[in-house]
Amino acid sequence: MSVIANTPKPPYFAVIFTSIRTEGDNGYDDMASRMVELAKQQSGFLGIESAREDVGITVSYWADLDSIKNWKANSEHLEAQKIGRKSLYNSFKVRISKVERDYGI
């Protein structure tokens, strides 16, 4: 994913997922692609950006906190979270922030 998300005028919310992966793919690429496609179908989804080297950072953007809550509770996403904890990540952190200002070129 190499596109900067085209988000609306603030305010909106960002879910920042920072992770350290386990060795090997372990189905990660397929799971990550499926989660992006599933997130795009969720009400309130605004966009996503991701980068990975030693540390991965994925930022998804959402219209409101209820949209984030519904995404976290999605049954397929819940299953992916279980698999991630078991075999895809050595560690991760999720942060949720309100975007109040953005700018760029």
Side-chain angles (χ1 to χ4, degrees):
M1 192 176 329
S2 61
V3 176
I4 295 175
N6 185 16
T7 50
K9 181 179 175 183
Y12 54 88
F13 291 84
V15 176
I16 306 157
F17 180 75
T18 307
S19 64
I20 308 249
R21 292 264 324 277
T22 56
E23 288 292 321
D25 180 74
N26 301 316
Y28 175 84
D29 286 340
D30 290 340
M31 178 79 69
S33 294
R34 175 63 187 145
M35 288 304 102
V36 169
E37 290 310 310
L38 186 61
K40 288 179 179 179
Q41 298 170 22
Q42 304 305 301
S43 176
F45 177 81
L46 302 174
I48 192 165
E49 300 162 345
S50 187
R52 175 162 295 284
E53 288 293 329
D54 294 331
V55 174
I57 300 174
T58 298
V59 183
S60 58
Y61 300 100
W62 300 86
D64 51 51
L65 291 173
D66 283 338
S67 298
I68 295 169
K69 181 179 175 183
N70 292 336
W71 168 237
K72 180 165 177 52
N74 176 283
S75 61
E76 194 171 344
H77 186 214
L78 284 170
E79 184 61 26
Q81 291 171 51
K82 287 179 191 176
I83 293 167
R85 285 183 184 95
K86 182 178 178 182
S87 62
L88 301 179
Y89 300 108
N90 284 326
S91 63
F92 68 84
K93 184 105 173 173
V94 176
R95 297 170 177 98
I96 299 173
S97 301
K98 184 176 184 180
V99 177
E100 298 197 16
R101 186 174 138 196
D102 67 14
Y103 55 90
I105 57 171

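Bear in mind that the values here come from a model prediction, so they are computed numbers and not experimental data. Hydrogens, waters and symmetry mates play no part in the numbers below; they use all other heavy atoms, side chains included. Position 1 is the first residue of the sequence; numbering continues from there.
- Hydrophobic clustering, with ILVMFWY side chains joined whenever heavy atoms are under 4.5 angstrom apart, groups Met31 together with Val94.
- Heavy-atom minimum distance, Pro8 versus Asp102: O-OD2, 4.0 Å.
- Note: Ser97 OG to Tyr61 OH = 10.0 Å, rounded to the nearest 0.5 Å.
- Residues Ser33 and Asp30 have side chains that never bring a donor and an acceptor to within less than 3.5 angstrom of each other.
- For Trp62 and Tyr12, the ring centers sit 6.0 Å or farther from each other.
- A donor-acceptor pair shorter than 3.5 Å can be found between the side chains of Arg52 and Ser19.
- The heavy-atom pair separating Asn26 from Ser87 by the smallest distance is ND2-O, 3.3 Å.
- At least one side-chain heavy atom of Arg34 sits under 4.5 Å from a side-chain heavy atom of Glu76.
- Using a 4.5 Å cut-off on side-chain heavy atoms (C-beta onward), Trp71 and Ile68 make no contact.
- Atom CD1 of Ile83 is separated from atom OH of Tyr89 by 11.0 Å, given to the nearest 0.5 angstrom.
- Side-chain heavy atoms closer than 4.5 Å link hydrophobic residues (I, L, V, M, F, W, Y) into clusters, and following such links, possibly through other members, connects Phe17 to Phe45.
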Is there a side chain to side chain donor-acceptor pair (under 3.5 Å) between Asp64 and Ser67 once you walk through the steps? CA-CA 6 Å; Asp64 51 51; Ser67 298; 2.8 Å; yes
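- Note on Lys40 versus Glu37: salt bridge recorded, some NZ/NE/NH1/NH2 to OD/OE distance being below 4.0 Å.
- Side chain of Glu49 to main chain of Ala5: a donor-acceptor pair is present (N/O by atom type, distance under 3.5 Å, no hydrogens or angles).
- Other residues, nucleotides and ligands contribute only 12 or fewer heavy atoms inside 6.0 Å of the CG atom of Asn6.
- Of the inter-residue distances, the one linking Glu79 atom CD with Asn74 atom CG reads 11.5 Å to the nearest 0.5 angstrom.
- Within the hydrophobic cluster formed by Ile, Leu, Val, Met, Phe, Trp and Tyr side chains joined at under 4.5 Å, directly or through other members, Leu78 stands alone, with no partner residue.
- Hydrophobic clustering keeps Ile57 apart from Tyr28 (ILVMFWY residues linked when any side-chain heavy atoms are closer than 4.5 Å, directly or through intermediates).
- Taken to the nearest 0.5 Å, the CE atom of Met35 stands 12.5 Å off from the OG1 atom of Thr58.
- The minimum heavy-atom distance linking Asn90 with Arg21 is given by the pair ND2-O, 3.1 Å.
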Using side-chain contact (heavy atoms from CB on, under 4.5 Å), reason through Thr7 and Val99 one step at a time and then give a plain yes or no. CA-CA 10 Å; Thr7 50; Val99 177; over 6 Å; no
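- When side chains are defined from C-beta on, Leu65 counts as touching Ile96, because their heavy atoms get closer than 4.5 Å.
- In this structure, Phe92 CZ and Ile20 CD1 are separated by 12.5 Å, a value rounded to the nearest 0.5 Å.
- Contact of the Thr18 side chain with the Arg95 side chain is registered, since non-hydrogen atoms from C-beta on lie closer than 4.5 Å.
- Looking only at distances, a side-chain donor or acceptor of Gln42 sits under 3.5 Å from a matching main-chain atom of Leu38.
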